[in-house]
Amino acid sequence: MFVYLLLPIFPMGCFLVPRRRQTAGLLLLVLAVSLTLPLSPTRAQEGDGALKETSLELLSDRALTPLGKAALSIRPAEWKHAESANFVYHFFHSFIAAPVSVEAEFYYRVIARELEKDTTQWERKCHIYVFEEAADWAEFQKRGSLDPWTGGIHAAGSLFIRRDPQVKWKGSTLGHEVAHLVVERFFGAGVPLWLNEGYAEYAAARCYAAFHRARGYGARPASRAVPEGMYVPVGQLTARLSYPDDVAQVGVFYSESERLVRFLSAADQRGFGTMFAALAKGARFETALAKGFGGRFMNLEALDREFRSYAIHANAAPIPN
Ligand SMILES: [Zn+2]
């Protein structure tokens, strides 16, 4: 089970600037930008509402996990159901579920392509449970015995998220969970915790920004620096088998893991892919590092020295799109 932090505790994701709300003084800039960016609704946006509601009995895939059944046992008469090419949705309002379906399919396709995986090889659909009310989510956390800081979950191939109708920018939780889904489907369950969470953070922030850029917003992915005094050496970070007990350290674990993925991807994207595959097959960190990066890092200590300054500096990261 891989989870996502509750957003109000650790705001994450990317910065969004609505291009449609530029001030009059920036009119010329807006005109210039409008020549290259879609300021009117795109074809994808026009299809955002196209999600046909159906009944639970008529879904093409009705295999519910125990956690899925626990979700549907909360206000059981009010859940609605629908599906798209790769996902089945359980939700309360279609105006909340429709954008989720557009985002989920986008993230799934983009992340699988980045990891060089062919999604047509996986025929079964993934169930996404979309909560809205804080009280319902809290009840679900209780019934599922989840940590109170959990903001979203990927468990046994199903996703559970909360979308607050009052919040305009929904954040990167969905992209984070879809990244876990892609990783588990195509690399199996043996991917180490730091890599699973670090890659999910890294992919989600970039996908969230890309999704909104395609809809006319100025958006760039963000990455959190690790507070200097809380930096954990790479050897310890990558050896973790479970989340830290202390909630502040949980936040550092996510940030530092994301920074390590970002650092290694920027150093050599192909090498990072080779390392990812080796780790998924059970290689030790140093073995996988040598396999992916050859002599680029002499040893774990050399990597740690170089990575530490990258991890703790706010602007140290070259952020690829
Ligand atoms: Zn996660």
Side-chain angles (χ1 to χ4, degrees), residues 1-4 44-113 117-133 135-146 150-165 170 173-186 188-189 200 204 207 211:
M1 182 183 296
F2 291 97
V3 301
Y4 189 75
Q45 273 178 306
E46 285 160 10
D48 280 3
L51 189 65
K52 194 169 172 290
E53 196 185 318
T54 185
S55 67
L56 190 59
E57 294 71 31
L58 289 177
L59 289 171
S60 62
D61 184 332
R62 293 179 298 280
L64 305 179
T65 62
L67 206 54
K69 287 177 185 166
L72 295 187
S73 72
I74 296 166
R75 296 205 275 139
E78 295 175 48
W79 287 94
K80 297 182 165 88
H81 316 277
E83 58 188 295
S84 63
N86 292 290
F87 296 92
V88 168
Y89 308 91
H90 307 280
F91 55 93
F92 291 106
H93 294 102
S94 55
F95 76 92
I96 293 290
V100 168
S101 72
V102 180
E103 280 186 59
E105 290 288 351
F106 175 83
Y107 298 150
Y108 187 61
R109 196 176 64 245
V110 169
I111 294 169
R113 192 168 57 213
K117 299 298 174 187
D118 177 7
T119 54
T120 61
Q121 299 301 306
W122 197 286
E123 296 178 344
R124 276 175 286 139
K125 297 190 181 188
C126 164
H127 288 249
I128 303 184
Y129 300 79
V130 188
F131 289 83
E132 294 178 20
E133 301 297 326
D136 291 343
W137 183 255
E139 180 60 28
F140 173 63
Q141 285 178 320
K142 205 167 88 186
R143 294 189 192 188
S145 304
L146 308 175
T150 306
I153 319 154
H154 164 254
S158 293
L159 311 186
F160 304 82
I161 61 166
R162 181 180 167 227
R163 287 241 151 157
D164 185 344
K170 307 298 187 189
T173 308
L174 178 61
H176 180 106
E177 302 308 337
V178 170
H180 282 322
L181 174 75
V182 173
V183 167
E184 187 176 275
R185 281 188 170 182
F186 300 105
C207 281
F211 182 83

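Nothing here was measured: the structure is a model prediction, and the numbers come from that model. All values below come from the heavy atoms of this structure, side chains included, with hydrogens, waters and symmetry mates left out.
Atoms NE2 and CD1, on H154 and I128 in that order, are 10.5 Å from each other to the nearest 0.5 Å. Note: F160 CZ to T65 OG1 = 4.5 Å, rounded to the nearest 0.5 Å. A distance of 7.0 Å separates CZ of R185 from CG of N86, quoted to the nearest 0.5 Å. Note that CD of E139 and OG of S73 are 7.5 Å apart. Values are rounded to the nearest 0.5 Å. The structure places CZ of R109 at 10.0 Å from SG of C207, a figure rounded to the nearest 0.5 Å.
Classified by interplanar angle (parallel below 30°, tilted 30° to 60°, perpendicular above 60°), the ring pair H90/H81 is perpendicular. Using cut-offs of 30° and 60° for the angle between ring planes, the F131 and W137 rings count as perpendicular. Ring planes of H176 and H180: perpendicular class, angle over 60° (limits at 30 and 60°).
F87 and Y108 have their aromatic ring centers within a separation under 6.0 angstrom.
In this structure, the side chain of R143 does not engage the main chain of A71 through any donor-acceptor pair within 3.5 Å. Judged by distance alone, the side chain of K170 and the main-chain N or O of D164 form a donor-acceptor pair under 3.5 Å. When atom types are taken as modelled, the side chain of E105 and the backbone of A85 share a donor-acceptor pair closer than 3.5 angstrom. Judged by distance alone, with hydrogens and angles left aside, the side-chain atoms of R163 form no donor-acceptor pair with the main-chain N or O of E132 at under 3.5 Å.
Applying the salt bridge (Lys or Arg N to Asp or Glu O under 4.0 Å) test to residues at least two apart or on different chains, the pairs with a partner in residues 76-90 are R75-E78, E83-K125.
With sequence neighbours excluded, the residues that form a ring pair (Phe, Tyr, Trp, His ring centres under 6.0 Å) with F92 are W79. Take W122 and apply the ring pair (Phe, Tyr, Trp, His ring centres under 6.0 Å) test, not counting sequence neighbours, and it matches no residue.
Considering all non-hydrogen atoms of both residues, S84 and Y89 come closest at OG-OH, 2.7 Å. Taking every heavy atom of both residues into account, V88 and D61 meet most closely at CG2-O, 4.2 Å. Contact detail for A179 and A200: the closest heavy-atom pair is CB-CA, 3.7 Å.
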*Could you go step by step and tell me if V100 and F91 meet the side chain to side chain contact (heavy atoms under 4.5 Å, CB included) rule?*
CA-CA 10 Å; V100 168; F91 55 93; over 6 Å; no
_Applying side chain to side chain contact (heavy atoms under 4.5 Å, CB included) to Y129 and I153, what does each step give before you reach the verdict?_
CA-CA 10 Å; Y129 300 79; I153 319 154; over 6 Å; no
*S94/L51 under side chain to side chain contact (heavy atoms under 4.5 Å, CB included): CA gap, chis, key distance, verdict*: CA-CA 8 Å; S94 55; L51 189 65; 5.9 Å; no
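Remark: R124 CZ is loosely packed, at most 12 non-hydrogen atoms of other residues, nucleotides or ligands lying under 6.0 Å away.
At least one side-chain heavy atom of C126 sits less than 4.5 Å from a side-chain heavy atom of L159. Contact check for F186 versus D118: no side-chain heavy atoms found under the 4.5 Å cut-off. For the pair F211/L174, no side-chain contact is recorded, criterion being any heavy-atom separation below 4.5 Å from C-beta on.
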